[in-house]
Student: 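Pasting a structure here, questions to come.
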Amino acid sequence: MARVLKVAAASAAGLFPRLWTPVSTVRTCPSLSSHPGAGPVWNLGRLNHVAIAVPDLEKARAFYKNVLGAEVGEPVPLPEHGVSVVFVNLGNTKMELLHPLGSDSPIAGFLKKNKAGGMHHVCIEVDNINVAVMDLKEKKIRILSEEPKIGAHGKPVIFLHPSDCGGVLVELEQA
């Protein structure tokens, strides 16, 4: 059994090298050590949405509404993020259809590499985004902006570098 655990740990270290901490290292938070049973300072919440970059927003909107029968919102331009968004309500979560606003949009660059579009990021809620950012920086996880920005839901959001998250662009949103 110990050999199996060593092999599994070595595999995990290869997938997420920045998160790998040897078992012999114990990290404690001094402010919590006097409170037995205290949990983390911030908590990861539910999946808020999966974002899909699309080359044609109206065509994608029509597909989810008319072909799949989903509840689909209206396009909302977000110039501060360089995108237009449409939310597709799936009951237990949402999809966010992203289309570039201008050629300098990050989504325009994504679509140059992925002509048909595709999954862009996942968004997960957190209960305290500011504390989460501080904690993740201490853990050497790269944040793609200096401070949280207001996202499509009117709440603070931050993006984590995909190289530090198993190849996935992760957006954290204040719950």
Student: Considering residues at least two apart in sequence or located in another chain, which fulfil the side chain to side chain donor-acceptor pair (under 3.5 Å) criterion with Asp127?
Tutor: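 Partners of Asp127 under the side chain to side chain donor-acceptor pair (under 3.5 Å) test: Asn43.
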
Student: Would Ile143 and Val168 show up in the same hydrophobic cluster when neighbours are defined by side-chain heavy atoms closer than 4.5 Å?
Tutor: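 Yes, it is one cluster - the side chains of Ile143 and Val168 are joined through contacts under 4.5 Å.
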
Student: Minimum heavy-atom separation for Pro148 and Asn130, please, with both atom names.
Tutor: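 Closest pair (atom of Pro148, atom of Asn130, distance): CG-OD1, 3.8 Å.
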
Student: Can you name the one residue among Val85, Leu57, Leu111 that meets side chain to side chain contact (heavy atoms under 4.5 Å, CB included) with Leu98?
Tutor: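 Passing option: Val85.
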
Student: Taking Val86 as the starting point, is it possible to reach Val122 by hopping between hydrophobic residues whose side chains are less than 4.5 Å apart?
Tutor: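 The answer is yes; both residues are in one hydrophobic cluster.
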
Student: Side-chain heavy atoms nearer than 4.5 Å, only ILVMFWY residues, links allowed to pass through others: does that put Ile124 and Val131 together?
Tutor: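 Hydrophobic grouping puts Ile124 with Val131.
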
Student: Could you tell me the separation between the CD1 atom of Ile158 and the CG atom of Leu172, rounded to the nearest 0.5 Å?
Tutor: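 Nearest 0.5 Å value for the CD1-CG distance: 8.0 Å.
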
Student: Nearest 0.5 Å, what's the CE-CG distance between Met119 and Leu169?
Tutor: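 One finds 8.5 Å between CE of Met119 and CG of Leu169.
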
Student: Where is the tightest heavy-atom contact between His120 and Ala53, given as atom of each residue plus distance?
Tutor: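 Looks like CB-N, 4.2 Å.
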
Student: Would you say Val170 and Ile150 are hydrophobically clustered, going by side-chain heavy atoms of ILVMFWY under 4.5 Å?
Tutor: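 No, Val170 and Ile150 fall in different hydrophobic clusters.
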
Student: Could you go step by step and tell me if Trp42 and Leu136 meet the side-chain contact (heavy atoms from CB on, under 4.5 Å) rule?
Tutor: CA-CA 11 Å; Trp42 63 278; Leu136 291 166; 4.2 Å; yes

Student: Rounded to the nearest 0.5 Å, what separates atom CD1 in Ile52 from atom CG in Leu97?
Tutor: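 Result: 7.5 Å between the selected atoms.
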
Student: Once side-chain hydrogen bond (donor to acceptor under 3.5 Å, both in side chains) is applied, what residue pairs with a partner in residues 107-117 remain, sequence neighbours excluded?
Tutor: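 Sorted pair list comes back empty.
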
Student: Could you name each residue pair satisfying side-chain hydrogen bond (donor to acceptor under 3.5 Å, both in side chains) that touches residues 62-84, not counting sequence neighbours?
Tutor: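 Every pair satisfying side-chain hydrogen bond (donor to acceptor under 3.5 Å, both in side chains) with a residue in residues 62-84: Arg61-Glu74.
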
Student: What closest approach, in Å, do Ser163 and Arg142 show between heavy atoms, and which atom pair accounts for it?
Tutor: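 Scanning both residues completely, I find the closest heavy atoms to be CB-NH2, 3.5 Å.
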
Student: Take atom NZ in Lys149; do more than 12 heavy atoms of anything else shown fall under 6.0 Å from it?
Tutor: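 No, NZ of Lys149 has 12 or fewer neighbouring heavy atoms, counting only those of other groups under 6.0 Å.
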
Student: Donor-acceptor pairs are to be reported for all side-chain atoms of residues 99-106 against protein atoms at under 3.5 Å, with residues two or more places apart or in another chain.
Tutor:
from, atom 1, to, atom 2, distance (Å)
His99, ND1, Val54, O, 3.0
His99, ND1, Pro55, O, 3.4
Ser105, OG, Gly82, O, 2.6
Ser105, OG, Ile107, N, 3.1

Student: If every non-hydrogen atom of Ile129 is compared with every non-hydrogen atom of Pro156, which pair is closest and at what distance?
Tutor: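 Looking at all heavy atoms of both residues, the shortest contact is CD1-O, 3.5 Å.
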
Student: I'd like to know whether Leu90 forms a side-chain contact (heavy atoms from CB on, under 4.5 Å) with Asn92, so could you lay out the CA-CA distance, the side-chain angles of the two residues, the decisive distance to 0.1 Å, and finally the verdict.
Tutor: CA-CA 6 Å; Leu90 301 175; Asn92 62 342; 4.2 Å; yes

Student: For Glu173, enumerate each residue passing the salt bridge (Lys or Arg N to Asp or Glu O under 4.0 Å) test, keeping only those at least two apart in sequence or located in another chain.
Tutor: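 With neighbours one apart ignored, the set is empty.
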
Student: With sequence neighbours left out, write down each residue that passes side chain to side chain donor-acceptor pair (under 3.5 Å) with His49, or none if nothing qualifies.
Tutor: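 If we apply the side chain to side chain donor-acceptor pair (under 3.5 Å) test to His49, skipping adjacent residues, the hits are Glu96, His121, Glu171.
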
Student: Between Gly118 and Phe110, what is the shortest heavy-atom contact and its length?
Tutor: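 Closest heavy-atom pair between Gly118 and Phe110: O-CE2, 3.8 Å.
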
Student: In the single-linkage hydrophobic clustering (I, L, V, M, F, W, Y; side-chain heavy atoms under 4.5 Å), do Val50 and Val88 co-cluster?
Tutor: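 Yes, Val50 and Val88 fall within the same hydrophobic cluster.
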
Student: Might you work through the side-chain contact (heavy atoms from CB on, under 4.5 Å) test for Val126 and Leu44, ending with a clear yes or no?
Tutor: CA-CA 5 Å; Val126 294; Leu44 204 56; 3.9 Å; yes

